[in-house]
Amino acid sequence: MSFIIVRNESGEFTQLGVDKLGNISERQLWFINNWYMTLYISFVYVVVILLLKSYMRERKPFELRKLLVAWNAGLAIFSIATTLFILEQFILLNSQKEFWYTTVCTR
């Protein structure tokens, strides 16, 4: 059985079995037991960004204008299509008698 260490109300550290945590997956348990890995990953990330920044300082900029225009056009088309789909669903729900209940209430 796996354990984690938690701090209780009085500030003391106690050991809790995983069965006390309820329904917990193996992935969640791995993250609970290896929380310090996020510190290592964050440190490596910052170092890589700083190294890349110094490496790219003397390089010629990329020519990305055409790619960015295509990307923005794709985003615009996606946004318009999504808005039309949501608007259609909203109008359909609005035409029903119980509009407020079906769109706001969850029970």
Side-chain angles (χ1 to χ4, degrees):
M1 176 191 273
S2 297
F3 294 94
I4 62 168
I5 297 175
V6 294
R7 184 178 291 191
N8 59 19
E9 295 83 21
S10 62
E12 299 171 340
F13 289 101
T14 57
Q15 195 174 22
L16 263 186
V18 175
D19 55 342
K20 300 282 187 194
L21 296 175
N23 188 9
I24 188 167
S25 69
E26 288 183 34
R27 185 177 1 175
Q28 290 169 323
L29 180 61
W30 188 88
F31 279 106
I32 289 170
N33 289 330
N34 298 297
W35 60 269
Y36 55 87
M37 293 294 285
T38 57
L39 299 176
Y40 297 145
I41 293 169
S42 299
F43 177 75
V44 169
Y45 173 77
V46 169
V47 169
V48 167
I49 293 298
L50 292 175
L51 289 174
L52 285 175
K53 185 178 176 183
S54 64
Y55 172 72
M56 295 298 289
R57 185 171 289 135
E58 304 299 323
R59 295 181 54 92
K60 186 177 91 170
F62 295 119
E63 298 293 329
L64 298 174
R65 185 153 184 91
K66 291 179 184 177
L67 183 64
L68 289 175
V69 167
W71 175 258
N72 286 332
L75 283 178
I77 292 169
F78 175 76
S79 296
I80 291 168
T82 305
T83 300
L84 292 175
F85 175 75
I86 291 173
L87 189 60
E88 177 189 359
Q89 295 297 318
F90 181 75
I91 291 171
L92 177 67
L93 286 174
N94 195 17
S95 66
Q96 294 178 354
K97 188 176 184 180
E98 300 173 345
F99 167 72
W100 184 258
Y101 181 78
T102 55
T103 56
V104 176
C105 298
T106 59
R107 297 179 195 213

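In what follows, residues are counted from 1 in the order of the sequence shown. What you see is a predicted model; the values in this text were computed from it and never measured.
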Which distance, rounded to the nearest 0.5 Å, do you find between the [atom1] of [X] and the [atom2] of [Y]?
X	Y	atom1	atom2	result
Arg59	Arg57	CZ	CZ	14.0 Å
Leu75	Leu68	CG	CG	10.5 Å
Arg65	Leu67	CZ	CG	12.5 Å

Summary of side chain to side chain donor-acceptor pair (under 3.5 Å) pairs that have at least one residue in residues 72-90, sequence neighbours excluded: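 Listed by first then second residue: nothing to list.
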
ILVMFWY network linking Met56 to Leu64, side-chain heavy atoms under 4.5 angstrom: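 Yes: a chain of side-chain contacts under 4.5 Å links Met56 to Leu64.
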
Joint cluster assignment, Leu39 & Phe43, ILVMFWY side-chain distance < 4.5 Å: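 Leu39 and Phe43: separate clusters.
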
Pairing residues for Tyr36 by the ring pair (Phe, Tyr, Trp, His ring centres under 6.0 Å) criterion, not counting sequence neighbours: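 Residues passing ring pair (Phe, Tyr, Trp, His ring centres under 6.0 Å) with Tyr36: Tyr40.
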
For Val48, the rest of its hydrophobic cluster, which grows through side-chain links under 4.5 angstrom: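 Val44, Leu52, listed by chain and number.
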
Residues clustering with Ile77 (ILVMFWY side chains joined when closer than 4.5 Å, directly or via others):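 Noted: Ile77 shares its cluster with no other residue.
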
Pairs flagged by ring pair (Phe, Tyr, Trp, His ring centres under 6.0 Å) wherever residues 53-89 is involved - sequence neighbours left out: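 Listed once each, the pairs would be none.
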
